[in-house]
Amino acid sequence: MVAARLLVLSTALLFSGCGSLQQSRTADELRNNVKSGAAFTSREVFEVKKPYRQVSDTVRKKWMECLDSTGTSAIHRGGNSFGSATNTYKPKAAVSERRTELTLQHRVTGTGITQVGGPPPEGFFIIVTDVYPTDKNTSRVDVQKHMPGYDGVLKAIHNWAQGTNMSCPDLAQ
Amino acid sequence: MGKILPTRLGLLLFAGALAGCAGAPPYQSELPPNLNIKTKLGSPSVLLTATLGGRFDADMHVISVDSRCQKNYRGSVRLDGAVSVGIPANQPSYLVFEFSGSSAPTRGSASGTYSTLLTPRNGYQYDVDVVYADKMYSITVYERNPRGGARHEVERRPFSACEAKAT
């Protein structure tokens, strides 16, 4: 848990300290970064034998419910100096007949922590999930990520889409 | 960049200090209990077990919400097994569930939250099932009529659902 959170935090700081590792400021920018194989990006596409409307409704509901979260991580700054970082996650959804776009933004705040590179007010885009109808009874789920970790989120998206488990991922993991 | 990564990772990997709600004031209420919480916790990591000097806890923070949708923190409840508390009926309370862990070997800590806006109805009971296992959790709220009515699940409401009333 702690190690994973530190990995994410250190990656956020690495992003902030290195101009060539630009984070995504929009959903389309994230898709483009994934397409071009930018560092710390990944993509997973899978199909579910369920109608689009059903998959869209369930995944959207759980996305908004589970990922609207705030977490803290303690940081040792050296010597007897400690600080904490606050991770704020903002999920959003846009639904149409042809696509359900789900985005997750991530913002890190805390004393001495600066996310440079012009983060949007609600944070950089770290995960974009698109749900499409492929035919009457099948849906395609396309998960694109621009941040290491968050395996629990990917697992949860699978579970929600397939309807096997409605638990939420712990984003502090 | 080559020098940045080790330096920053070094700072971060010496994580420490207890975060979360250590020392949070306990929620106290003289209202009859109407919120019954059952909790099952499975530590997400061996580093967060007491055997290795770590800990993993769940807490519920109770925040009252007034007619202008302004929050007022009332205290916290440590979730361990079954616990019942009273929260005001017919007015919204913002309940924030927090899972927090701290590890002695890495001196690090982290926590995550889940929140919902609940307006209990007078005379009704609310059962909350909190389960944490395999780094996943579920929090389900049920409304129950103690006079024999069936219980049903209460949908989660984000704080943004609060509607300020003109005074």
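In what follows, every chain begins at residue 1, and chains take the letters A, B, ... in the order their sequences are listed.
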Exercise for the section: Determine, using the 4.5 Å side-chain heavy-atom cutoff (strictly less than), whether A:M147 and A:L154 are members of one ILVMFWY cluster. Expected result: yes
Handout entry: A:E65 side chain near B:E155 side chain, heavy-atom distance below 4.5 Å
Key = no
Practice task
Please answer: with hydrophobic residues joined when any side-chain heavy atoms are less than 4.5 Å apart, are A:V153 and A:L30 in the same cluster?
Solution key: no
Exercise for the section: Examine B:V130 and B:F56 and state if one hydrophobic cluster contains both, with Ile, Leu, Val, Met, Phe, Trp and Tyr joined whenever side-chain heavy atoms are less than 4.5 Å apart. Expected result: yes
Fill in the blank from the handout: Nearest heavy-atom approach of A:D170 to B:F99 is OD2-CB, 4.4 Å
Practice task
Give, for atom CE of A:M64 and atom CZ of B:R156, the distance between the pair rounded to the nearest 0.5 Å.
Solution key: 8.0 Å
Practice task
Would you confirm whether B:T113, through its side chain, and A:S69, through its main-chain N or O, come within 3.5 Å as a donor-acceptor pair?
Solution key: no
Practice task
Could you grab the distance from atom OG of B:S138 to atom NZ of A:K62, nearest 0.5 Å is fine?
Solution key: 8.0 Å
Problem - Cluster link B:Y124 to B:L95, ILVMFWY, side chain under 4.5 Å - result: yes
Fill in the blank from the handout: Cut-off 4.5 Å, heavy atoms of chain A, and the answer for B:Y114 is side chain
Handout entry: B:D66 atom CG, over 12 foreign heavy atoms within 6.0 Å
Key = yes
Problem - B:Y94-B:M60 co-clustered via ILVMFWY side chain contacts under 4.5 Å - result: no
Handout entry: Interface residues of residues 155-167 of chain A facing chain B - heavy atom cut-off under 4.5 Å
Key = A:K155, A:A156, A:N159, A:S167
